[in-house]
There are 2 protein chains.
Amino acid sequence: MTQSRTEIATLGEFGLIRRISEGFTPALPDTIKGIGDDAAVMDLGAEYGLLTTDILMEGVHFDLTFYPLRHLGYKAVSVNVSDIAAMNGVPRQVVVGLGLSNRFSVEAVDELYAGIKAACEDFRVDLVGGDTSSSRAGLLISVSVFGKVPKEKIAYRATARPNDILCVSGDLGSAYMGLQLLEREKQVFLVNPDMQPELEGKEYVVQRQLKPEARMDVVYELEEAGVVPTAMIDVSDGLASELLHLCSQSGVGAVVVEENLPIDEQTFLTATELNLDPVTAAMNGGEDYELLFTIRQDDYHKLKNNPKISFIGYMTDKPEEVILNTKSGNRYPITAQGWKTIS
Amino acid sequence: MTQSRTEIATLGEFGLIRRISEGFTPALPDTIKGIGDDAAVMDLGAEYGLLTTDILMEGVHFDLTFYPLRHLGYKAVSVNVSDIAAMNGVPRQVVVGLGLSNRFSVEAVDELYAGIKAACEDFRVDLVGGDTSSSRAGLLISVSVFGKVPKEKIAYRATARPNDILCVSGDLGSAYMGLQLLEREKQVFLVNPDMQPELEGKEYVVQRQLKPEARMDVVYELEEAGVVPTAMIDVSDGLASELLHLCSQSGVGAVVVEENLPIDEQTFLTATELNLDPVTAAMNGGEDYELLFTIRQDDYHKLKNNPKISFIGYMTDKPEEVILNTKSGNRYPITAQGWKTIS
């Protein structure tokens, strides 16, 4: 008897998730949305509950040679809160699973939890439970967050409509540039441990990498402005990838206007210094944890003076066309692998 | 500057959890119970929400040489559902985080999810989300479950009262005996790979190890009988350890009557064969995932004919005394390390 073996790499992460999710059709009447959005949605009666989980693994998601444990604890909570924000919801309770190899001391665990605590305070969530285990291979952090959203305010990925305005919070590509800098300094350090890291004037991009902030402030400001996004997703894998999710799940197309992309000056300068294209970083960099969302044209005036929000394009009724209009007047199709490859 | 380093082993798992939880006092009005029970409790308005998380790591929690992936997937869900059962609640939605090293194929992932699916069907929960990541070191499964319980039916650990009757579901020590058998067969196999495992007549104890079943059936039967336990905990670390949690958190003592301990015949025979004490296995074996709970004496008649429930002792007003009354008429103090050490 031969047993067939298919490598996971042949499916890719999204292919694997698709394969898994096909086997699971929600059966309970209170499951409103299962796999396929930033968070699951449960009917709690008066409002919706939200549930999301993320794993961070040493050697895969972070490198402890330059990632302080306190920042890592903060990030582990923040990236999950970002998934709740992407549903236009408010995070409430969090549980943390921890795998620790014996190279971690009690003091190291204290540092990690100091960061978790700072994030709990910043995002107003309660740590309510967890699980702690030894680990044979480095540090592992698994976080799940429970949140809530009024039923009429929920924002899914699949509900963008043609002619909606495409918006993004904050700026793009900075976390990616921070990572490039940290990687460069690590290489310098490995060659010459006496070298001091050259990060002066780069504090912003480094912080964007080390301490990503879920944009709950933007969720609250949308509420104050009386705007419910027609669709929303958080930018964890890069604008291009997230926009393609929004478009394919909503059955719409999009046009992104390059000159409207929010790119911070430090991102631009760092990219130039490292011979990288800042627009590529903005489109494909990842780990921005900004909110990408669509609004009705009628709501534009409510947000146009908000300095945290950029209006970067619009949705169309051509699902097959997700386009970048460049400054030079060209139109490039945006693809998952990256628009990178054709830049 | 010297940095102090304290090994985690000096605190132990419970010491570490205590240290962590001291830093986290719930701040939100809808957080009813944070760290310290089987699941966190949230006020959802009409009822309570429950949230719990558990990590299973290869090489720490399971050995893939004898643990089929399908069973492992089942177990990962079941042990979390058991935490919801221990609050007298009903599980609703589950999210699964997965870390996979490249030695796992798509077919292996399919097997794992087949087990997860079987558990979702058995316990009537929906898989609603997750996170999949590569792993540098073997397989890791992190599961979080959301559940619900009517406010008047919740069962905490800290609410047992003197003179309550101490009850346990199912039987004890069988999962531990199953593990001993599997470990023995693994050693035999390592010496002589042609040997067939000798597990005939041991199907029950092996299954108790490989496919633990959360006792949702008992939760439903308690409801049908109109009984709300005064306190409840699930038996994951052995009866002794869990009973000490119940007693210390409730501020009561307990007397356990040895001859009332439910021990299956296969457990007894396997223990004899392996020169182990079946009572030690029952008291300290662990991984039974049975429910240990207390009831009012007035409720005894409602449960006395239920074959799934054993009445193994009673609670007292002497918090410092948690006692085993043996068949031989002796009284031994039950300790966390085990009553084992003094048997």
Side-chain angles (χ1 to χ4, degrees), chain A residues 3-8 11 13 16-17 19-20 23-24 26-28 30-31 34-35 39-40 42 44-46 49 51-55 57 59-61 92-93 95 97 99-100 102 104-107 109 113 117 120 124 126-138 140 142 144 146, chain B residues 3-8 11 13 16-17 19-20 23-24 26-28 30-31 34-35 39-40 42 44-46 49 51-55 57 59-61 92-93 95 97 99-100 102 104-107 109 113 117 120 124 126-138 140 142 144 146:
Chain A
Q3 222 172 342
S4 68
R5 179 186 165 92
T6 314
E7 298 300 329
I8 289 170
L11 291 181
E13 188 194 345
L16 183 65
I17 292 171
R19 185 183 179 103
I20 292 167
F24 290 89
L28 300 175
D30 54 343
T31 302
I35 301 169
M42 292 102 71
L44 304 180
L51 185 62
T52 182
T53 194
D54 268 304
I55 299 178
M57 296 186 81
V60 178
H61 299 101
R92 301 301 289 175
Q93 284 84 13
V95 290
L100 291 164
N102 56 15
F104 291 91
S105 63
V106 171
E107 288 76 15
V109 175
Y113 274 94
K117 191 174 183 180
C120 286
R124 297 180 230 163
D126 281 340
L127 178 84
V128 294
D131 188 22
T132 309
S133 158
S134 59
S135 156
R136 290 191 313 164
L140 142 89
S142 154
S144 299
F146 175 74
Chain B
Q3 224 173 341
S4 68
R5 180 187 164 90
T6 315
E7 298 300 328
I8 289 170
L11 291 181
E13 187 194 345
L16 184 64
I17 291 170
R19 185 183 178 102
I20 292 167
F24 290 90
L28 300 175
D30 53 343
T31 301
I35 300 168
M42 291 101 72
L44 304 179
L51 186 61
T52 182
T53 194
D54 268 305
I55 299 180
M57 295 185 80
V60 178
H61 299 101
R92 302 300 289 175
Q93 285 85 14
V95 289
L100 291 165
N102 56 15
F104 291 92
S105 64
V106 171
E107 288 76 14
V109 175
Y113 274 93
K117 190 172 182 179
C120 285
R124 296 180 231 162
D126 280 340
L127 178 83
V128 293
D131 188 22
T132 309
S133 158
S134 59
S135 155
R136 290 192 313 165
L140 141 88
S142 154
S144 299
F146 175 75

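Predicted model, so just to flag it, every value in this text is computed and none were measured. Any value given below was found using the heavy atoms of this structure, including those in side chains, with hydrogens, waters and symmetry copies removed.
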Determine the minimum heavy-atom distance between [X] and [Y], stating which atoms define it.
X: B:L140; Y: B:M57; answer: CD1-CG, 3.9 Å
X: A:A40; Y: B:V128; answer: CB-CG2, 3.3 Å
X: B:S105; Y: A:I8; answer: C-CG1, 4.0 Å
X: A:S144; Y: B:V95; answer: OG-CG2, 4.2 Å

Side chain, backbone, both or neither: which part of B:I17 has a heavy atom under 4.5 Å from chain A?
->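 Only the side chain of B:I17 comes within 4.5 Å of chain A.
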Portion of B:I20 that has a non-hydrogen atom of chain A nearer than 4.5 angstrom =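 Contact with chain A: side chain only.
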Measure up the A:F146 and B:F146 rings against each other and bin them: parallel (under 30°), tilted (30 to 60°), perpendicular (over 60°).
->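 It falls in the parallel class, under 30°.
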Chain A contacts, top residue of [options] (heavy-atom pairs, under 4.5 Å):
options: B:R19, B:H61, B:E7, B:R124; result: B:R19
options: B:S142, B:G45, B:A39, B:S134; result: B:S134
options: B:T132, B:D54, B:L100; result: B:D54
options: B:G49, B:G23, B:G99; result: B:G23

From A:T53 atom OG1 to B:D131 atom CG, the distance as rounded to the nearest 0.5 Å =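 Reported to 0.5 Å precision, the distance equals 6.5 Å.
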Could you tell me which of A:N102, A:V106, A:I35 has the largest number of non-hydrogen atom pairs under 4.5 Å with chain B?
->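 Highest number of heavy-atom pairs under 4.5 Å: A:V106.
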Can you tell which of A:M42, A:R136, A:E107 has the highest number of heavy-atom pairs within less than 4.5 Å of chain B?
->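 Most heavy-atom pairs within the cutoff with chain B belong to A:E107.
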Audit row: B:D126, A:D30, side chain to side chain contact (heavy atoms under 4.5 Å, CB included) steps and yes/no | CA-CA 10 Å; B:D126 280 340; A:D30 54 343; 5.7 Å; no
Proximity breakdown for [X] and chain B, heavy-atom pairs closer than 4.5 Å:
X: A:I55; value: both
X: A:L16; value: side chain
X: A:A27; value: both

